Q: 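What follows is a single structure, and I will ask about it in a moment.
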Amino acid sequence: RENVYLNGAILSMGRAEIGRKFDEIVEFADIGQFIDTPVKRYSSGMQLRLAFAVAAHLEPEILIIDEVLSVGDLAFQQKCLGRMETVASEGRTVLFVSHNLAAVSKLCSRSMLLEGGRLEAPAAPLNDLLRIGLDATPDEVAIASAHRVLSWRELDRASAALAGGYRGLGLEPGDRLGSLMPNRVDLVVHYLACFRAGLIATPLNYRYTAREIDHGLEVSGARVLLAHVERAEDVGASELAAALELGVIAYRDAEPLATGNEAPAGVDPGWPHDFAALLGSEPLAHTEKQPDPEAPAVIFFTSGSTGPAKGVTHSRQTLRWMIAAAVAAFELDATDVFLPGSSMSHIGSFLWALSTLSVGGTVVVARSTDGHELLPLLRAHDPTILAMIPAALSALVHDHGLRPGDFSSLRLCRAGADKVSTELLTEFAAKAGFPIVEGYGMTEVGLATLNPPSGEIRQGSIGRPVHGFTI
């Protein structure tokens with residue numbers, strides 16, 4: 001009951017006005033039996049029902065509705081549409097944001113399309129993604145971390161050898177290969193090997209529990225799992241990992257982290273295959289015949305914040321267009337050094353790494369997101385682009401080891417995947433001398449919007465649609 005009064009007060013309704021409309025609000029929200037339940041125990045759908053019901057009875061001059069039809073049953077959705085039509089018919093304004101084009105067509109007399117520009121061509125074929133760097137500067141650095149550096153030639157050879165090793169296990173084009181890996185240079189080698197061998201890379205969130213690992217393996221249908229040995233306990237507790245047709249591939253760090261993870265390198269989980277041994281396999285040669293562009297290339301899992309994580313499949317062709325869109329959005333070229341400061345098992349940093357490699361730029365791999373790892377990388381490799389989630393970027397900005405000039409090589413710092421606070425915007429600009437660039441993306445489409453690096457950067461805005469997108 002107090003939930004209604006609290007929501008109303010937030011929307012500037014007086015207590016007497018809420019009291020007069022109380023019964024209508026409760027009836028509209030259809031949560032009568034839960035009206036005295038603390039709102040913290042409400043599902044996201046119940047919270048949205050209540051919020052919309054209160055807002056709909058506010059009688060505002062402008063009613064802004066964002067994805068209200070994404071939850072609730074059909075009857076509630078129809079009730080919402082009916083209420084918005086009533087508000088509009090009374091001469092008031094409804095600003096309606098939705099993925100539901102049928103609802104937009106029914107409700108709105110005007111709509112706005114934002115054009116991001118045209119992409120002329122996709123990125124290079126995935127099995128030849130390194131071509132620009134290989135042809136231009138084969139012995140220059142393609143990818144580096146705190147303890148490892150690979151030239152373009154070495155990166156190509158490593159991915160070809162690993163592709164041969166994967167085929168030697170019995171994997172065939174079209175097979176799914178799961179991975180439970182932290183950020184490593186070898187994770188990029190793994191992705192490139194999958195593309196060369198025609199396998200479907202299936203990265204799992206490195207923090208998955210045994211139950212979540214089972215869900216990922218079940219949804220993807222993986223035949224084998226590549227996993228870091230420090231995750232041996234959860235992999236061992238996974239029912240499906242134990243039953244995988246080709247078993248589990250053990251990954252061990254050749255070098256310990258600065259923060260210390262020496263022990264896992266010595267762990268022997270008893271898995272049948274070793275990643276380092278596969279790197280010594282006979283390289284898989286390039287073939288003249290290109291894989292089917294419509295064949296799946298990668299399966300990513302959504303965050304699972306509203307239910308079980310969904311597997312999202314990208315074909316070889318759609319992934320090439322997503323890479324091309326990111327290249328255009330960041331205005332990438334061969335002079336760029338990109339430091340993706342988040343997990344490359346998620347769509348964002350995965351795309352940033354591949355996009356940079358596709359144009360002959362250099363990728364710097366951060367094995368963790370703390371200052372002990374990131375600050376030496378900033379000083380040693382002079383990245384031109386840094387991309388991080390806001391929480392990690394905030395921690396870096398407040399790190400006691402941060403020195404004046406640590407951000408001086410950057411031309412761009414992108415933050416996304418969560419709201420960027422006003423405090424972080426202000427603090428970063430003060431330390432770096434330039435603003436954070438915000439954007440928006442989804443597991444389903446990759447990067448969709450970005451403040452243009454060479455254009456106007458509006459603080460607090462996610463920017464404009466990138467090339468290849470219409471919103």
Side-chain angles (χ1 to χ4, degrees), residues 123-145 147-179 181 183-203 222-228 245-255 271-293 295-298 316 319-320 323 344 350 353-354 356-363 365:
L126 298 181
N127 57 330
D128 201 23
L129 201 63
L130 307 181
R131 180 51 50 200
I132 290 178
L134 281 171
D135 288 345
T137 55
D139 296 314
E140 295 297 318
V141 175
I143 190 167
S145 70
H147 291 284
R148 192 171 178 201
V149 175
L150 293 180
S151 69
W152 292 94
R153 199 189 308 273
E154 291 167 334
L155 179 58
D156 185 61
R157 286 174 178 168
S159 60
L162 186 58
Y166 285 157
R167 286 287 191 88
L169 294 178
L171 290 167
E172 297 293 337
D175 283 342
R176 277 78 166 161
L177 199 169
S179 60
M181 286 283 292
N183 277 10
R184 298 292 186 270
V185 168
D186 281 326
L187 182 55
V188 177
V189 173
H190 161 74
Y191 290 139
L192 295 172
C194 288
F195 297 154
R196 186 180 289 230
L199 306 174
I200 303 170
T202 308
R223 293 185 67 196
V224 65
L225 175 67
L226 167 64
H228 196 292
E245 181 180 355
L246 298 178
V248 182
I249 303 167
Y251 184 88
R252 296 174 176 82
D253 282 314
E255 300 283 350
W271 298 338
H273 311 294
D274 181 74
F275 184 87
L278 293 177
L279 283 174
S281 304
E282 184 70 24
L284 183 67
H286 278 294
T287 60
E288 293 296 326
K289 183 180 179 182
Q290 288 292 331
D292 179 2
V298 62
R316 300 179 77 91
L319 184 53
R320 290 174 62 196
I323 291 171
M344 292 189 296
F350 169 88
L354 296 183
T356 304
L357 293 173
S358 76
V359 298
T362 302
V363 174
V365 177

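What you are looking at is a predicted structure, and each value in this text was computed from that prediction instead of being measured.
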Q: Below 4.5 Å, heavy atoms only, C-beta onward: do L357 and W152 meet side chain to side chain?
A: yes

Q: Can you check side chain to side chain contact (heavy atoms under 4.5 Å, CB included) on E154 and V149, steps first, answer last?
A: CA-CA 9 Å; E154 291 167 334; V149 175; 5.8 Å; no

Q: Determine the minimum heavy-atom distance between A142 and L155, stating which atoms define it.
A: CB-CD2, 4.1 Å

Q: For the side chain of R223 and the backbone of G170, is there at least one donor-acceptor N/O pair under 3.5 Å apart?
A: yes

Q: Would a 4.5 Å heavy-atom cut-off, applied to side chains only, mark R153 and D156 as touching?
A: no

Q: Are any of the side-chain heavy atoms of L150 and V188 separated by less than 4.5 Å?
A: no

Q: Please report the shortest heavy-atom distance between P203 and S179, naming the atom on each side.
A: CA-OG, 3.3 Å

Q: Are S159 and F195 packed together at the side-chain level, in the sense that at least one heavy-atom pair is separated by less than 4.5 angstrom?
A: no

Q: Could you pull out the closest heavy-atom pair between L177 and C194, with the gap in Å?
A: CD1-SG, 4.3 Å

Q: First locate atom CD of E140, then atom OG1 of T362, and finally report the distance between them rounded to the nearest 0.5 Å.
A: 8.5 Å

Q: Minimum heavy-atom separation for M181 to A227, with atom names?
A: SD-C, 4.4 Å

Q: Measure the OG-CD1 distance between S358 and I323 for me, rounded to the nearest 0.5 Å.
A: 6.0 Å

Q: With side-chain contact (heavy atoms from CB on, under 4.5 Å) as the test, pick out the partner of L130 among L134, D128, I132, N127.
A: L134

Q: Give, for atom CG of L126 and atom CG of L354, the distance between the pair rounded to the nearest 0.5 Å.
A: 8.0 Å

Q: Test of understanding: with side-chain contact (heavy atoms from CB on, under 4.5 Å), list the residues that count as partners of V365, not counting sequence neighbours.
A: I143, S145, N183, V185, M344, V363

Q: Return the CD1 to CG distance between I200 and D175, rounded to the nearest 0.5 Å.
A: 7.5 Å

Q: Would you give the length of the straight line joining atom OG of S281 to atom CG of L169, rounded to the nearest 0.5 angstrom?
A: 7.5 Å

Q: Any heavy-atom pair between the side chains of L129 and R320 that's under 4.5 Å?
A: no

Q: Return each pair, listed once, that meets side chain to side chain donor-acceptor pair (under 3.5 Å) where at least one residue sits in residues 162-171; pairs must be two or more places apart or across chains.
A: Y166-H190

Q: Distance check, rounded to the nearest 0.5 Å: L225 atom CG versus T202 atom OG1?
A: 10.0 Å

Q: Which pair of heavy atoms, one from P296 and one from R316, lies closest together, and at what distance?
A: O-CG, 4.3 Å

